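This report refers to the structure that appears directly beneath it.
Not measured: the values here are computed from a predicted model.
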There are 2 protein chains.
Amino acid sequence: MARGRTDTKTRLMDVAEKLFADHGFDGVSLRRITTEAGAQLAMVNYHFGTKRGLLEAVIARRIEVLSEQRVRLLEDLEAAAGDGPLPLEDVVAAFIGPYYRLSSNGGRGWKNYGRLVAQGANSRALIQHGLSNLFDPVAKRFIAAFQRALPERSEEQVVWGFHFLMGTMLYMFAETGRIEKLTGGKYRSGDLDAMYAHVVPFLAAGFRACEAQVQRQAS
Amino acid sequence: MARGRTDTKTRLMDVAEKLFADHGFDGVSLRRITTEAGAQLAMVNYHFGTKRGLLEAVIARRIEVLSEQRVRLLEDLEAAAGDGPLPLEDVVAAFIGPYYRLSSNGGRGWKNYGRLVAQGANSRALIQHGLSNLFDPVAKRFIAAFQRALPERSEEQVVWGFHFLMGTMLYMFAETGRIEKLTGGKYRSGDLDAMYAHVVPFLAAGFRACEAQVQRQAS
DNA sequence: AACCGAATTATACGAACGTTCAATCAAATT
DNA sequence: AATTTGATTGAACGTTCGTATAATTCGGTT
């Protein structure tokens, strides 16, 4: 159709992505989504079956891109490392870097997705409900990769480190605007370049921390 | 009224806290809240004015407790430090420790609050809207305290470190259950004792990490 | 030229929503 | 004993919600 540059199905996902991120899943009506997308109300049920189906389609199309890039970078690392340990900073970058680049240069949709997924990731409703099956296999691969990057660390330390990394990453790409309020606008939560430059060494140092402390106490 | 052990106003806040955390603000109706609280529908508007007023009351009563404890611990640190620098681990513990202890031993309400605030903190709607004014003054004090604990680090590094700490903390107390799924139940996101033991050295090491290297954005 | 199936339109349905308000209750105060 | 006041009840308001369905459009195949 000539209603917009893209087809109806894509426009619906784009608008829903933004509005879900702004107001939450139940905070937006299908009427508002279809109106802002220039489509008829019934098109959501036609293309996605149900409102929840629309949400899942919105999330799935981004996770697939993200997972593919993460896995590809990790496989490159594994190929380059041979039998040796993986470089820790590179594993962190392989996980967060794709998200960083897509959020920076992937268009407005990725910004909306970042805010949406930061809310959804913190609610059990979405996690338990199949949507995370698109994410979990990749996450498991990265936990194993972090263990390979930190061969002297216990599994426990690596698992919790990955947990802290998840929280940091989700909050980072949510771009909540809180840091602006706290610093009077001097630092901006949308300044992903600055944040990414700091977050990789920050998380890598955290991963290495627990054992360093144990070693100090033992020696 | 012998409907419950506590008065209606408190019961409404307790039930709303849990349901808002489970389903989001717009995912729960006042009818469901009042029914589960054993109260009449009109009581929400009577006690809190509006549905949103109920949400704000729910969040405010917890933030006030949290802020008071955080500030008290920080003032103790400042008194003990005199003119010297603050011990970094202690500042981290002064910020996260109260939340950890309340979430562990403060009753089920604090668990619900943790999940609720992790969603709300990632949505601009709540942050821009006055509710964060209860949190921001304390956050500003802690950013200053972190600078005092890291006199050789740039303000920029400290600010971003605090940002990463916020994300880690919010995700930690959301207890999303994701780490169970990723580890087959071997590690549990409700094991706050283990998480807290790891998170303080993790974040402290991140704060101390050397200045961010200038990283080129590659694709 | 007739046809087909996917996409779109227009409309309707029943249910649930937040909010309001007059009436009633129950103590504490006068 | 009468009165006041905050808390609670029960019912209703108009609106909006997600979903379903029959009718219509239209380019590509027959």
Side-chain angles (χ1 to χ4, degrees), chain A residues 1-61 116 119-120 123 125-126 129-131, chain B residues 1-61 116 119-120 123 125-126 129-131:
Chain A
M1 295 300 291
R3 184 85 69 154
R5 310 187 321 280
T6 57
D7 63 349
T8 300
K9 196 171 177 180
T10 302
R11 288 202 321 279
L12 285 172
M13 286 195 282
D14 290 342
V15 172
E17 191 169 50
K18 167 173 170 40
L19 293 179
F20 285 159
D22 283 342
H23 307 100
F25 177 71
D26 291 292
V28 194
S29 66
L30 292 183
R31 283 167 177 81
R32 180 162 180 198
I33 292 172
T34 51
T35 297
E36 296 199 14
Q40 285 284 334
L41 174 59
M43 295 314 289
V44 168
N45 295 290
Y46 176 76
H47 282 294
F48 305 99
T50 176
K51 186 184 184 185
R52 172 153 194 120
L54 171 59
L55 171 66
E56 296 184 357
V58 161
I59 298 182
R61 69 169 172 171
L116 172 59
Q119 299 174 245
S123 82
L126 280 188
H129 222 282
L131 254 181
Chain B
M1 58 289 338
R3 187 83 71 152
R5 311 187 321 281
T6 55
D7 63 349
T8 300
K9 196 171 176 181
T10 303
R11 290 203 319 279
L12 285 172
M13 285 195 282
D14 290 342
V15 171
E17 190 171 49
K18 167 175 169 39
L19 293 179
F20 285 159
D22 283 342
H23 308 101
F25 177 71
D26 291 293
V28 194
S29 66
L30 292 184
R31 283 167 176 82
R32 180 163 179 196
I33 293 172
T34 51
T35 298
E36 296 198 15
Q40 285 285 336
L41 174 59
M43 296 315 288
V44 167
N45 298 95
Y46 175 75
H47 282 294
F48 305 98
T50 175
K51 186 184 183 184
R52 172 155 195 120
L54 171 58
L55 171 68
E56 296 184 357
V58 162
I59 297 182
R61 69 169 171 170
L116 172 58
Q119 299 173 245
S123 82
L126 280 189
H129 222 281
L131 255 180

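The list of salt bridge (Lys or Arg N to Asp or Glu O under 4.0 Å) pairs with a residue in residues 32-41 of chain B, not counting sequence neighbours, reads B:Arg32-B:Glu36.
The side chain to side chain contact (heavy atoms under 4.5 Å, CB included) test applied to A:Thr10 returns A:Thr6, A:Asp7, A:Asp14, A:Arg61, not counting sequence neighbours. The side chain to side chain donor-acceptor pair (under 3.5 Å) search around B:Lys9 returns none, not counting sequence neighbours. Taking A:Lys18 as the reference, A:Asp22 meet the salt bridge (Lys or Arg N to Asp or Glu O under 4.0 Å) condition, with sequence neighbours excluded. The salt bridge (Lys or Arg N to Asp or Glu O under 4.0 Å) search around B:Arg31 returns none, not counting sequence neighbours. Residues forming a side chain to side chain donor-acceptor pair (under 3.5 Å) with B:Thr50 (at least two apart in sequence, or on another chain): none.
For A:Lys9 and C:dA6, the NZ to P distance is 13 Å, given to the nearest whole Å.
For B:Thr8, a side-chain nitrogen or oxygen approaches OP1 or OP2 of D:dT8 to under 4.0 Å. Between B:Gln40 and D:dT8, a side-chain N or O to OP1/OP2 separation shorter than 4.0 Å is absent. Between B:His47 and D:dG6, a side-chain N or O to OP1/OP2 separation shorter than 4.0 Å is absent.
Secondary-structure annotation of DNA chain C gives the stems C:1-30 with D:1-30, with a stem taken as at least 3 successive Watson-Crick or G-U pairs whose two distances both fall under 3.5 Å.
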Give the table of side-chain donor-acceptor pairs shorter than 3.5 Å for residues 41-48 of chain A, with sequence neighbours excluded, one pair per line with atom names and distance.
none

(request) Mark up nucleotides 15-20 of chain C, 5' to 3', with B wherever a protein heavy atom is under 4.0 angstrom from a base atom, S wherever such an atom reaches only the sugar-phosphate, and - elsewhere. (result) --BBBB
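The closest side-chain heavy-atom distance from A:Lys51 to A:Phe25 is below 4.5 Å.
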